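Working notes, structure below.
Keep in mind that what you see is a predicted model, and the values were worked out from it rather than measured. For this chain, numbers begin at 1 and follow the sequence in order.
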Amino acid sequence: MTRIHLETKADYLALFEQINQPLRQHYQGKSRVFFGTTGVGYGDRIAGIEGFSRILWGAGPAITQIPTDWQREIKLGILAGTDPKSPEYWGQLHNRDQRMVEMPAIALALLHENHYLWQQYTQPEQTQIATWFKQIFDYQCSNGNWQFFKILVYQVLVQLGIEVPETDYLAALAKIEDCYREDGWYQDSARGREDYYTPFAFQYYGIMYSVLVPDAPQSAIYRKRARLFAEQFIHFFDESGSNVPFGRSLTYRYAAVAFWCAMVYGNIWPEKVAVIKGIINRNLRWWLQRPIFDNSGLLTLGYGYAQLTMTEPYNSPTSPYWANKIFLLLALPANHAYWQAEEVALPVMAETQLLAVPHLLASHDRGHTVLLNAGQPGPNYHALTNEKYFKFAYSSQFGFSIPRGNQLKEEAVMDSMLGLQTVDTTMTASRGGQDKIETNQFYTRHNVTDVRQTEDYVASTWRVNQALAARTWLIPFEGWQIRVHRIEVTQTSVAYETGFAVADSPDNPGQIVTDQIGSYYSGPAGFSGIVNLTAMHLEQADATIQGFPNTNLMTAEVVALPGRQTTLTPGTHWLITAVYAHQDVTYAKQKWQQIPVVQLKNTRSQPILVVTNKAIELN
């Protein structure tokens with residue numbers, strides 16, 4: 001993927017066609033698009049509907065701009081898919097049906113350009129299409145962002161002149177309100193968490209709704225929330241264009257900027273159009289420079305490269321094309337201010353910013369954005385929840401890693417984590433050609449209680465069992481992250497803690513340096529280090545490892561992961577560490593010479609951490 005010039009409407013249209021043309025080689029009949037051999041929880045036939053519909057997130061807004069043969073392809077596909085007599089029929093829905101997810105893209109495509117596509121159908125064909133859509137009101141949706149599918153389909157049908165009972169629609173609006181928190185953030189159902197589903201689902205759909213029914217009272221509410229959220233979400237990006245990977249559905253990749261595209265489409269924050277264009281364009285360029293397409297030009301499952309391990313059970317080979325939501329911009333008229341604007345850099349942001357609802361504390365350090373994470377309470381039911389929601393920090397430069405197993409540290413790759421385990425859980429590992437008995441299968445933070453957050457820190461408690469528990473405070477300081485752990489153990493235990501994982505290609509390896517208090521890695525891809533700041537030094541050992549390839553989201557390479565390991569006797573222990581990482585090695589080594597000086601006081605009553613001359617009460 002080479003096209004990165006993004007200025008005019010023609011540039012964006014060319015990018016849409018470049019990304020989506022390869023899909024047209026994979027029609028299964030008229031109404032399904034499918035390729036690949038990997039499985040998905042809802043089966044290949046529905047995944048084929050997904051492949052058809054997700055093209056329409058972009059082809060719908062561009063319906064009069066794409067070639068006429070492509071228009072006809074889409075028209076006939078919708079007709080065949082909604083025809084109960086056709087062998088290509090998309091079928092009868094059931095409760096919590098994946099086809100509900102795919103309905104809005106198809107429905108909205110019928111509205112764009114003054115109902116251009118809808119007008120291509122005869123009256124009986126329109127009735128047939130509407131009948132298929134109306135099924136959604138007969139079945140239950142998940143009580144999260146899915147409720148917007150009913151809301152949007154309802155509004156589309158009404159605007160197409162179709163009579164639809166409003167009972168289920170009104171109930172869906174109310175359920176969306178149940179998800180709203182503050183500052184523009186939504187919780188994705190009572191069991192869900194706050195993550196990218198706020199920008200690329202809740203906020204995106206809310207803005208779409210406000211354009212469909214601008215005079216509705218709820219539209220003003222959605223627009224106000226979008227404006228609030230913009231001031232929060234900007235802290236997920238860095239100057240290079242990278243967005244911090246966090247949470248689930250990361251295989252949608254540049255859908256991360258779909259929210260900003262919707263902001264332009266909805267004419268929200270118009271005075272910042274040049275800033276928004278910069279955010280969108282830098283993010284797209286960042287993504288287009290990565291190996292996210294296969295040799296035939298198809299988007300792959302993964303994040304920074306093709307990586308099946310990090311996906312969810314609902315990710316089919318066609319799922320990544322949800323990222324076509326960014327091409328809502330193609331619905332803008334040719335004279336829109338967005339096309340005339342010159343993109344500008346990110347505004348100067350505070351060094352730190354509390355994002356209270358998702359329990360994140362953003363830190364900006366010379367182009368590196370890090371989200372310190374207290375964790376979000378709730379049940380774990382998505383793939384790799386511990387890795388996607390409970391690490392101590394998430395980085396725009398280094399991403400995070402996922403395990404390929406849970407025995408060796410090299411396969412677990414527990415970056416930005418604290419692992420705890422009693423010493424009686426052991427395995428035999430090979431170290432330097434010698435057999436060595438060591439602790440294995442570390443427990444990591446998997447849920448939290450007693451979350452606290454201030455402008456200075458975020459904190460939470462997690463308990464493994466009756467033998468192991470910890471409370472952790474995360475404090476940003478001049479680009480560093482300081483971690484204070486109060487660890488309670490009833491048996492002799494091992495604490496294993498790490499910094500960020502950095503690509504360490506065997507073709508051009510870096511260097512690992514360790515001493516009594518710290519360990520760091522320095523190489524072509526960057527610098528990462530962890531140092532012990534505990535006043536009464538517990539006996540520590542270096543635990544830096546070479547993580548297996550294909551474990552980090554950003555790089556397929558082997559990774560270097562600096563770590564320290566401490567043995568804890570029964571009782572309560574205070575462990576203080578500091579982590580620093582940056583892609584600019586020269587800058588990072590200068591920072592490494594400025595290790596924070598800390599002092600912990602009053603540990604038996606109200607703990608106070610003194611950093612330089614600032615006292616921080618730890619609650």
Side-chain angles (χ1 to χ4, degrees), residues 231-246 256-257 275 278-279 281-283 285-287 289-290 304 343-355 360-373 391-400 415-416 455-458 474-483 498-504 510-511 513 518 520-531 533 552-555 559-562 577-598 611-612 614:
E231 295 190 11
Q232 296 264 304
F233 190 47
I234 199 169
H235 291 282
F236 273 62
F237 295 83
D238 72 17
E239 286 88 339
S240 75
S242 175
N243 56 281
V244 179
F246 170 77
V257 290
V275 172
I279 294 170
N281 283 359
R282 285 188 297 274
N283 188 254
R285 293 189 189 104
W286 188 91
W287 280 111
Q289 292 168 3
R290 272 146 187 82
E343 61 184 84
V344 300
L346 277 174
V348 176
M349 292 186 281
E351 183 178 298
T352 62
Q353 175 64 49
L354 178 64
L355 309 177
L360 300 170
L361 185 52
S363 171
H364 302 288
D365 174 33
R366 198 166 170 175
H368 186 197
T369 294
V370 173
L371 300 179
L372 300 184
N373 174 43
K391 289 180 185 283
F392 294 141
Y394 294 87
S395 162
S396 66
Q397 293 186 346
F398 303 110
F400 65 89
D415 56 342
S416 296
E455 298 292 336
D456 294 319
Y457 69 81
V458 290
L474 302 170
I475 301 111
F477 177 75
E478 297 180 356
W480 288 79
Q481 52 173 294
I482 299 172
R483 305 174 186 167
T498 57
F500 288 116
V502 184
D504 185 29
Q511 181 183 24
V513 177
Y520 72 79
Y521 165 83
S522 177
F527 177 101
S528 177
I530 181 170
V531 61
L533 302 183
N552 188 268
L553 265 63
M554 295 292 206
T555 177
V559 291
L561 177 58
T577 57
V579 168
Y580 189 81
H582 205 285
Q583 286 180 341
D584 185 335
V585 174
T586 301
Y587 173 66
K589 286 186 173 180
Q590 293 173 357
K591 296 288 287 190
W592 190 253
Q593 300 304 313
Q594 304 164 18
I595 294 173
V597 177
V598 303
V611 184
T612 310
K614 183 176 182 179

Assess whether side-chain contact (heavy atoms from CB on, under 4.5 Å) is satisfied between F392 and R483, documenting all intermediate values.
CA-CA 9 Å; F392 294 141; R483 305 174 186 167; 3.8 Å; yes
Think R290 forms a cation-pi with W286, using NZ or CZ under 6.0 Å from the six-ring centre and within 45 degrees of its axis?
yes
For L533 against A578, the heavy-atom pair lying closest together
CD1-CB, 3.6 Å
Would you call F398 and V559 a side-chain contact if the rule is heavy atoms closer than 4.5 Å?
no
Heavy atoms only: give me the nearest G399-P245 pair and the separation to one decimal.
CA-CG, 3.6 Å
With no hydrogens and no angle check, is any side-chain donor or acceptor of D504 less than 3.5 Å from a backbone partner on G510?
yes
To the nearest 0.5 Å, how far apart are CD1 in I234 and CG in N243?
13.0 Å
Validate the cation-pi geometry between R366 and Y587: distance from NZ or CZ to the six-membered ring centre under 6.0 Å, angle to the ring axis within 45°.
yes
Search all heavy atoms of Q481 against all heavy atoms of L372 and return the closest pair with its distance.
CB-CD2, 3.8 Å
Taking every non-hydrogen atom, the tightest pair across L355 and F236
CD1-CE1, 3.7 Å
Carefully, step by step, assess I279 and R282 under the rule side-chain contact (heavy atoms from CB on, under 4.5 Å).
CA-CA 6 Å; I279 294 170; R282 285 188 297 274; 4.1 Å; yes
By the definition side-chain contact (heavy atoms from CB on, under 4.5 Å), identify the one residue from W480, F477, Y520 that meets it with Y580.
W480
Given 3.5 Å as the limit, does a donor-acceptor pair link the side chain of H582 with the main chain of K589, or not?
no
T498 side chain to S416 backbone, donor-acceptor under 3.5 Å
yes
Going from CZ on F400 to OG on S395, what distance comes out if it is rounded to the nearest 0.5 angstrom?
11.0 Å
Distance-only, no hydrogens or angles: does the S363 side chain make a donor-acceptor pair with backbone N or O of P476 under 3.5 Å?
no
Are side-chain heavy atoms of M349 and H364 found at a separation under 4.5 Å?
yes
CZ/F500 to CG/N552 distance, rounded to the nearest 0.5 angstrom?
10.5 Å
Go through the side-chain N and O atoms of T369 and H235 and say whether any donor and acceptor fall under 3.5 Å apart.
no
Determine yes or no for a side-chain-to-main-chain donor-acceptor pair under 3.5 angstrom, with K591 supplying the side chain and E478 the backbone.
yes
Which atom names give the shortest non-hydrogen contact between D415 and K391, and what distance separates them?
OD1-NZ, 2.5 Å
E343 CD to L346 CG distance, which is reported to the nearest 0.5 Å:
11.0 Å
pair L371-L361: side-chain heavy atoms closer than 4.5 Å
no
Is any side-chain heavy atom of V257 less than 4.5 Å from a side-chain heavy atom of F237?
yes
Please find the pair of heavy atoms, one from N283 and one from G241, that lie closest to each other, and give the distance.
ND2-O, 2.8 Å
Passes side-chain contact (heavy atoms from CB on, under 4.5 Å), H368 versus Q583? Steps please.
CA-CA 8 Å; H368 186 197; Q583 286 180 341; over 6 Å; no
Below 4.5 Å, heavy atoms only, C-beta onward: do L474 and Y457 meet side chain to side chain?
no
Look at K614 together with D456 and state whether they make a salt bridge at an N to O cut-off of under 4.0 Å.
yes
Say whether D238 and S396, considering side chains only, have a donor N or O and an acceptor N or O under 3.5 Å apart.
yes
For Q397 and S242, run side-chain contact (heavy atoms from CB on, under 4.5 Å): C-alpha distance rounded to whole Å, both residues' side-chain angles, the deciding distance at 0.1 Å, then the answer.
CA-CA 7 Å; Q397 293 186 346; S242 175; over 6 Å; no
